[in-house]
Amino acid sequence: MADEEKKTTLTDKEAEGQKIRVFEAWCKKCGICVAFCPTGALTSNEDGLPILTYPEKCTLCGMCELRCPDFAIAVKAKEKEEK
Amino acid sequence: MADEEKKTTLTDKEAEGQKIRVFEAWCKKCGICVAFCPTGALTSNEDGLPILTYPEKCTLCGMCELRCPDFAIAVKAKEKEEK
Amino acid sequence: MRTATDQKERLLQGNQACAEGALASGARLFAGYPITPSTEIAEFLARQLPKVGGKFIQMEDEIASIAAVIGASVTGLKSMTATSGPGFSLMQEHIGYAYMAEVPCVIVDVQRGGPSTGLPTKVAQSDTMQVRWGTHGDYYAIALAPSSVEECFELTIRAFNLSEKYRTPVIVLMDEVVGHMREKIKLPDPGEIKVINRMKPTVPPEWYQHFEINPHFVSPMASFGEGYRFNITGLTHNPEGFPTDRPEVIREKLDKLKNKICHNVSDIVQVREEFMEDANVAVFAYGIVARAAGQAIRMAREKRMRVGLIQPLTIWPFPDEYIERILEQLDLIIVAELNQGQLIGEVMRVVRGKTRVRGLFRYDSELITPDQIFDKIREEK
Amino acid sequence: MRTATDQKERLLQGNQACAEGALASGARLFAGYPITPSTEIAEFLARQLPKVGGKFIQMEDEIASIAAVIGASVTGLKSMTATSGPGFSLMQEHIGYAYMAEVPCVIVDVQRGGPSTGLPTKVAQSDTMQVRWGTHGDYYAIALAPSSVEECFELTIRAFNLSEKYRTPVIVLMDEVVGHMREKIKLPDPGEIKVINRMKPTVPPEWYQHFEINPHFVSPMASFGEGYRFNITGLTHNPEGFPTDRPEVIREKLDKLKNKICHNVSDIVQVREEFMEDANVAVFAYGIVARAAGQAIRMAREKRMRVGLIQPLTIWPFPDEYIERILEQLDLIIVAELNQGQLIGEVMRVVRGKTRVRGLFRYDSELITPDQIFDKIREEK
Amino acid sequence: MELIPKVTHHYLRTKKKFPNVWCAGCGIGIVMGAIIRAIDKLKLSRDEVVMVSGIGCSSRMPVYVDFNTLHTTHGRPLAFATGVKLAKPSLKVIVITGDGDALAIGGNHFIHACRRNIDLTCILVNNQTYGMTGGQFSPSTPFMKIGTTAPYGNRERAFDISKLAIASGAPFVARGTAYHVVQLEKLVEQATLKKGFSLVEVISHCPTLYGRLNKEGDAVEMLKWQRGHAIPISAAGKVPPEKLRDKFLTGVLWDIEFPEYCEEYDKVIAEAQRRD
Amino acid sequence: MELIPKVTHHYLRTKKKFPNVWCAGCGIGIVMGAIIRAIDKLKLSRDEVVMVSGIGCSSRMPVYVDFNTLHTTHGRPLAFATGVKLAKPSLKVIVITGDGDALAIGGNHFIHACRRNIDLTCILVNNQTYGMTGGQFSPSTPFMKIGTTAPYGNRERAFDISKLAIASGAPFVARGTAYHVVQLEKLVEQATLKKGFSLVEVISHCPTLYGRLNKEGDAVEMLKWQRGHAIPISAAGKVPPEKLRDKFLTGVLWDIEFPEYCEEYDKVIAEAQRRD
Amino acid sequence: MDKTKKSIETDDRYEIRLSGSGGQGMVLAGMILAEAVGINDGKNVVQTQSYGPEARGGASRSDVVVSSKEIFYPKTIKLDLLLCLTQEACDTYYQALKEDGVLIVDSGLVTQLPAREVHAFPFTQLARERIGTPVVANIIALGTIASLTKIVTKKGLLEVVQRRAPKGTEEKNLQALEIGFELARKKRARKSH
Amino acid sequence: MDKTKKSIETDDRYEIRLSGSGGQGMVLAGMILAEAVGINDGKNVVQTQSYGPEARGGASRSDVVVSSKEIFYPKTIKLDLLLCLTQEACDTYYQALKEDGVLIVDSGLVTQLPAREVHAFPFTQLARERIGTPVVANIIALGTIASLTKIVTKKGLLEVVQRRAPKGTEEKNLQALEIGFELARKKRARKSH
Ligand SMILES: Cc1ncc(C[n+]2csc(CCOP(=O)(O)OP(=O)(O)O)c2C)c(N)n1
Ligand SMILES: Cc1ncc(C[n+]2csc(CCOP(=O)(O)OP(=O)(O)O)c2C)c(N)n1
Ligand code: SF4
Ligand code: SF4
Ligand code: SF4
Ligand code: SF4
Ligand code: SF4
Ligand code: SF4
Ligand SMILES: [Mg+2]
Ligand SMILES: [Mg+2]
């Protein structure tokens with residue numbers, strides 16, 4: 001059930017292939033992920049929503065995901081990347 | 001008023017001239033005064049009531065009075081003795 | 001935010017009017033613990049009390065709050081606290097202490113939905129019976145219930161006055177809507193307000209009995225530090241304040257607690273009535289529900305129905321006498337409450353079957369509306 | 001001191017019989033805080049519970065005690081606490097939580113003189129109304145009141161059974177004399193005792209709703225750690241246990257709390273009656289006062305007066321129906337209580353003026369005697 | 001597989017419960033993530049975890065996680081949790097509480113849980129204010145800071161929570177921050193593994209109330225403050241004392257062994273049955 | 001002048017109140033004597049002294065002394081006393097409490113009074129049991145000692161009361177015994193003079209219950225135990241550590257300065273009136 | 001028994017709801033409106049608000065009942081005017097509006113409009129663009145209300161905003177109010193075309 | 001409605017009070033007496049006690065009501081037998097004794113006797129002298145009651161004392177009981193002279 005739930009809430013074709021994904025419905029635009037991204041890969045759009053403006057900078061370190069208070073940002077697993 | 005009270009409760013001609021006085025009505029015969037008299041001047045009678053059996057040993061140190069939990073034993077003031 | 005002191009009329013929240021009433025009564029200590037929907041009373045007094053040399057303290061919980069209030073009152077300050085259901089439940093032991101030790105103080109209960117944590121931000125009137133029976137043992141409560149911002153102000157003053165006059169805790173029983181709504185109010189000049197202070201002893205300290213038995217059932221009250229060195233205890237005590245186990249002294253004490261309330265009901269009980277002269281139907285409602293009822297009876301009157309409003313400003317002691325007096329003329333009493341039926345039991349007790357009594361209860365977090373009351377009148381008539 | 005297990009009949013204190021009743025019902029956790037005159041229940045269970053693999057814990061206060069009881073109950077243990085007035089007042093917030101969260105548990109209140117610290121070692125019945133109205137918000141209480149050592153045992157078992165059956169706290173309302181007196185009692189064999197356990201869910205975890213709405217008003221109850229991962233809260237909640245602010249869900253919840261009691265009064269309410277077949281006068285008395293009344297009515301019968309005894313074993317819900325039924329035949333009901341008049345209000349509410357109701361109140365720390373009741377009967381007849 | 005926060009989402013009650021109630025940037029959500037990851041790392045089954053909380057913003061956490069959850073009354077979660085643990089000692093009982101919940105109204109249960117040493121894991125979200133009721137000062141609000149009930153500055157001192165826990169008898173006491181989220185996850189893990197009462201005090205932030213009233217900026221600013229003021233206890237010796245003055249230590253502050261209550265009680269049962 | 005205990009009787013409510021309720025040899029009466037003498041020494045007028053207590057054997061003390069006396073509820077005397085002091089800071093407020101009163105049900109008020117640092121003098125009679133209710137174990141009953149509710153031995157640890165008070169913020173903490181009555185008098189005197197919250201923990205004895213249940217002998221024996229186990233803090237350095245193990249320190253354990261609450265509140269008043 | 005009121009007529013109520021989400025200042029706007037109407041314009045007024053189950057976040061609304069007579073029932077029953085600053089607020093409350101009631105929305109945030117006459121203005125966008133902060137959107141909306149309806153005078157609003165605005169923000173707030181007055185004037189003009 | 005008792009007769013009560021001060025074991029004596037009468041002799045019995053306002057010290061009393069019928073009212077009304085081990089107890093309770101009731105006192109401790117027939121024995125002195133401890137005075141007194149009246153059988157008392165005495169003290173207690181039996185026998189003998 002929980003899994004079905006996740007699918008309906010989170011599945012998004014567009015996310016495929018991306019390093020980072022933001023769930024707009026949950027994101028409160030607090031700016032934490034952007035402020036503390038160690039590489040500056042993220043920026044905020046004018047509404048405050050985080051955008052991976054510099055995907056090449058992203059090291060998949062996961063800090064944005066770990067610090068997001070709203071479970072609203074996900075980082076692709078490193079292993080997958082390496083495959 | 002408090003003073004009147006004291007008189008009716010405590011005045012006792014017999015106490016005059018004594019070094020120690022025990023108020024029987026308040027004494028619970030716990031034996032503390034006797035046990036910790038530094039000179040052994042006090043003993044208990046068979047009911048447990050403290051008696052100044054050896055008045056000559058009493059140094060008027062006051063410990064019996066200080067340790068009595070029932071305010072039931074009084075030691076003559078040293079100054080008075082010295083007068 | 002500056003307050004509009006330059007103007008006569010102000011737009012105040014019920015909670016704020018209650019706090020203003022406390023200041024106007026001379027309250028000089030507030031001890032409390034925040035809880036929705038009463039918190040504004042504390043916040044306002046935290047700001048205002050020091051301005052008049054009074055003191056605000058936030059205690060570690062509600063139990064400590066009412067304890068500090070009692071401690072301050074016996075030391076001479078008019079004192080109060082404010083809370084809501086969960087905090088009011090926690091205060092019960094100490095409210096009982098205040099009854100027993102006959103300590104004047106005011107406790108405001110801004111009611112929200114219950115039981116338990118319930119609905120912190122929603123309106124209810126479900127602490128009504130708790131005010132009367134919440135602590136263990138026999139006691140007699142005074143509780144006043146405002147229905148408007150103006151009444152919040154006035155009844156808080158009255159609460160302090162009754163409290164000082166009868167040496168007893170008084171409860172101001174508000175609710176979330178009354179506490180949070182804003183209305184216009186003209187605060188009177190301090191000189192216009194009747195303030196009653198506790199009676200002080202006139203006898204010398206040696207003769208003084210803190211719990212003296214006298215024909216008025218209220219003993220003059222010295223404060224700590226004034227040269228009277230008395231004892232106060234929550235154990236059942238004799239007039240001097242020392243614990244007793246003598247049956248006749250015990251009875252005398254409990255009779256005193258009862259009689260100072262029961263022999264003074266005509267002074268304590270206030271009922272606000274509307275259109276009752278010729279009414280054969282009455283809506284009985286207090287607090288915020290009386291506001292809906294006020295509108296409903298006007299709707300009924302427009303339809304030429306002889307309906308009136310009985311709004312008890314004093315909930316406890318319950319207005320037995322008023323109801324008994326008005327009973328003859330009534331065919332029907334509708335008791336409207338924001339609970340599952342609490343005061344209706346009291347009404348039924350007093351009515352003793354002589355008139356039909358019907359309840360209109362709402363407890364889903366919404367107000368009873370004028371329409372609902374009007375429909376109920378039509379349906380039951 | 002060894003217990004006389006070799007013998008069938010034993011001389012037990014009321015408090016001890018209450019504790020034995022708890023053990024016999026399968027209670028396996030006691031959390032409490034000592035207070036006269038209830039302490040023997042804790043002391044006895046501190047010794048006995050570990051013998052049957054149960055647990056006793058002395059908490060830091062009464063608030064924590066009832067909290068631990070609730071925590072243990074939702075984790076599957078039958079749990080209880082015991083206290084007296086001051087502790088009972090402190091427990092009020094959490095008793096409300098137990099009503100709201102529908103947690104079975106038993107709370108014993110061994111009454112002493114109040115209000116406040118009052119008379120710790122003296123008898124009273126002045127927490128009677130508090131049991132019904134002590135916590136904030138709407139709720140419906142079950143309270144049972146024994147008058148003998150045997151009834152202490154039986155009604156404690158019944159308290160656990162009702163508590164489990166209806167998923168609700170149940171109060172055993174004793175008093176100092178009942179708690180401390182010793183009488184003979186034959187404890188039944190475990191096999192003879194009817195023990196009810198809470199209903200368990202039969203649906204798979206995904207379908208399970210801890211607060212399911214169903215026609216019985218009682219939801220099956222899973223415990224923590226059994227594979228059902230539900231939420232419990234004191235906030236008003238939906239059937240799944242999550243906070244809600246939807247009026248219809250709120251109403252449904254509060255109706256459920258009410259209906260599970262009110263639709264089952266015939267199962268819950270027990271009244272013990274004596275000589276009521278032809279009685280035109282009834283003495284209404286509970287607990288220890290029923291014992292004096294038992295003697296008094298026999299004195300009256302010897303004088304050929306048609307007097308009977310109504311002894312509610314269930315105080316709450318109040319036996320409305322029984323009284324209504326018996327009303328016709330009665331000219332007079334004498335309500336005898338060890339307080340300033342509490343249950344008499346309930347009797348009057350139900351009687352609705354159809355019969356004379358008179359009170360015999362004593363609150364000076366002594367018992368009402370058979371003579372006093374007999375005299376009252378003669379005087380009022 | 002779609003891109004979702006790797007671990008946490010599996011433990012969330014996503015259905016209708018999100019977005020959560022917390023304000024934008026509030027630290028509580030960060031703490032919740034760390035707790036979930038710690039539990040996941042420990043491979044605890046969801047059925048054997050009970051999360052108990054009091055009342056407050058932080059105490060709203062249990063609603064969101066798919067464990068056995070018990071949202072109790074203000075200040076008393078440790079007392080409820082004591083009953084839960086006693087009834088079934090095999091359960092992992094995690095208590096979520098706030099500085100007001102645990103230390104104001106709940107202070108007594110806090111010191112007694114420490115003293116009694118019953119195996120509970122207490123995560124205390126210390127945001128230095130009563131968030132839920134609108135920003136009043138709390139027993140951990142620093143001297144002279146502003147609260148809605150301290151408009152002229154708070155005249156009370158803050159508890160040193162960890163010191164209080166140690167003095168009360170807690171065998172495991174740690175401090176972390178919302179900022180140091182990786183460390184926090186480890187601290188929660190260690191605390192959960194500890195047999196006996198364990199406390200993790202988490203320095204968190206309430207931008208909406210405390211931050212605004214005290215002009216400490218938004219969530220990002222407040223997290224930066226945490227970064228700048230936390231000194232790992234391992235490094236404390238190397239920092240000159242004058243630099244420590246307005247800082248606080250993080251990491252495991254105290255870790256001793258003492259008999260756990262439930263285990264002791266098993267001995268009581270054995271002894272009682274032996275004597276019988 | 002007749003021979004009466006020199007100082008104490010002048011302060012007693014002798015009328016009908018004596019003999020007192022305490023059991024033969026109970027330490028509470030000894031503590032009361034020391035308090036009276038300290039007050040006498042300080043030349044405080046009886047009118048300016050308020051004695052506040054909770055419920056318990058020790059808390060019965062106010063009934064006997066001719067001050068302003070307030071016998072409150074179980075566990076809460078410090079909260080009542082806070083109100084008394086705030087209302088009239090010129091009064092000397094002395095709180096009498098027991099180990100159960102102050103640390104079981106009253107633990108929260110205790111730590112908060114320490115933290116808040118309001119000028120109260122708290123005399124805590126620690127007899128390691130609930131005397132009044134018949135000898136149940138208390139939060140200061142040592143591990144494995146017997147109480148009526150710990151028939152198989154107490155499985156909880158005792159608080160180190162003084163340590164708890166210091167950790168909670170109390171600026172003055174002392175420990176004495178009923179046996180060392182002269183020292184006790186001095187400690188009470190110092191505590192009373194201290195501006196701010198002061199605690200004197202008095203190790204006392206309950207021969208009737210604790211003594212009997214634990215076979216520790218009568219009052220005399222128990223006083224001897226105190227004599228044998230108290231180490232003055234001044235001498236602590238000279239005692240080898242292994243000898244300190246089962247002993248306890250006496251004397252002034254902690255004495256620091258910190259702004260007192262009532263004085264701080266006067267600043268609040270000044271500030272509020274300035275802004276107005 | 002001392003306070004008897006005799007008027008039979010029910011009040012000529014005008015019911016207003018200001019709705020949006022947590023940070024949009026709906027409660028403050030309600031207070032300002034109520035004070036302007038009640039204290040400055042001298043009518044009777046009651047202002048109430050509804051708190052969600054949560055203390056913060058989520059929907060926020062503030063209701064104002066205005067009447068020249070005594071107001072008994074303090075809450076709104078059927079709205080004469082509804083302001084919505086979020087889509088959610090509009091969806092939730094729009095049924096409570098009378099048939100001939102006035103609906104005002106933030107055109108930037110409320111995009112799915114109900115099938116009825118709507119006054120839509122970009123309050124938030126204007127606040128951001130012209131004052132530099134979105135927080136004064138509520139004040140702009142108040143100005144619009146004053147200008148679209150007769151329920152509150154501009155003078156009253158101006159006085160209250162002057163009195164209530166936190167120190168240092170008076171200027172911005174008055175500016176916002178002016179923008180609001182202006183907006184509706186333009187709209188009215190447009191309509192008359 | 002399930003438990004109806006039908007007997008009309010009131011009980012043939014016999015009311016006993018054992019009184020003294022805190023440490024004299026009156027409650028224990030009451031329990032032993034009640035158990036002997038109730039369990040071993042098979043009569044109905046209720047034992048109650050009265051606690052002073054203080055937990056310890058002061059007067060102590062234990063009441064036992066015995067009947068062959070059901071006992072309704074559990075407390076004593078008018079005493080058939082009163083045992084007093086202190087002067088204070090005697091002064092306080094002696095009025096509660098029926099005209100023809102039995103009064104038994106400790107002759108060493110109760111010196112001012114009321115003007116009526118009294119059975120006076122030196123219980124405490126005997127306990128001290130013959131058993132070596134005053135604490136068994138209560139048991140001696142119980143023996144005396146058994147022997148002076150028919151309210152409890154010696155056999156019953158013996159059995160209960162055996163069962164209830166703390167380990168290691170059985171001997172002393174049985175000895176004390178025997179002394180009590182003896183005492184009254186002598187007294188009776190004396191009387192018959
Ligand atoms: C008995 C009781 N008193 C008061 C409240 C009101 N209340 C709810 S939460 C809270 C403070 C919460 O502070 P904290 O524990 O620090 O949590 P935060 O919201 O800061 O996370 C208060 C005072 C209550 N719910 N119950
Ligand atoms: C609310 C409440 N709970 C419990 C009690 C019962 N009670 C009275 S005194 C006491 C313990 C006293 O212990 P302590 O404070 O150590 O005093 P002591 O008698 O040992 O001097 C208890 C549990 C009470 N009076 N009120
Ligand atoms: S941290 Fe989370 S909530 Fe905050 S902006 Fe980034 S994704 Fe959004
Ligand atoms: S994963 Fe790391 S580098 Fe990539 S966006 Fe997130 S914080 Fe920045
Ligand atoms: S110490 Fe006091 S009570 Fe004890 S025996 Fe001596 S005089 Fe009597
Ligand atoms: S005064 Fe000193 S020496 Fe004299 S009897 Fe007392 S204790 Fe002994
Ligand atoms: S009020 Fe503060 S603590 Fe509460 S959710 Fe908002 S930011 Fe977090
Ligand atoms: S019971 Fe213990 S503490 Fe209480 S008076 Fe007796 S000896 Fe003292
Ligand atoms: Mg907080
Ligand atoms: Mg103690």
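Naming: A, B, ... by sequence-line order, numbering from 1 per chain. Just so you know, these numbers come straight off a predicted model, no measurement behind them.
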[X] to [Y] - nearest heavy-atom pair and separation:
X: F/Val220; Y: B/Gly31; result: CG2-O, 3.7 Å
X: F/Ala219; Y: B/Ile32; result: CB-CD1, 4.1 Å
X: F/Pro19; Y: B/Ala25; result: CG-O, 3.7 Å

Contact part of F/Val31 toward chain B, heavy-atom cut-off under 4.5 Å: side chain, backbone, both or neither?
neither
Region of F/Asn20 that comes under 4.5 Å of a non-hydrogen atom in chain B
both
More than 12 heavy atoms of other residues, nucleotides or ligands under 6.0 Å from NZ of F/Lys186: yes or no?
no
With under 30° as parallel and over 60° as perpendicular, where do the rings of B/Phe23 and F/His9 fit, or are they tilted in between?
tilted
Side-chain donor/acceptor of B/Lys28 to backbone N/O of F/Trp22, under 3.5 Å:
yes
Who wins among B/Cys27, B/Gly48, B/Pro69, B/Cys68 for the most heavy-atom pairs under 4.5 Å with chain F?
B/Pro69
Can you find a heavy atom in the side chain of B/Leu66 that is under 4.5 Å from one in the side chain of F/Ile30?
no
Let's go through F/Tyr179 and B/Phe36 carefully: what are the C-alpha distance in whole Å and the side-chain angles of both, what is the deciding distance for side chain to side chain contact (heavy atoms under 4.5 Å, CB included) to 0.1 Å, and is it a yes or a no?
CA-CA 10 Å; F/Tyr179 176 82; B/Phe36 297 107; 3.6 Å; yes
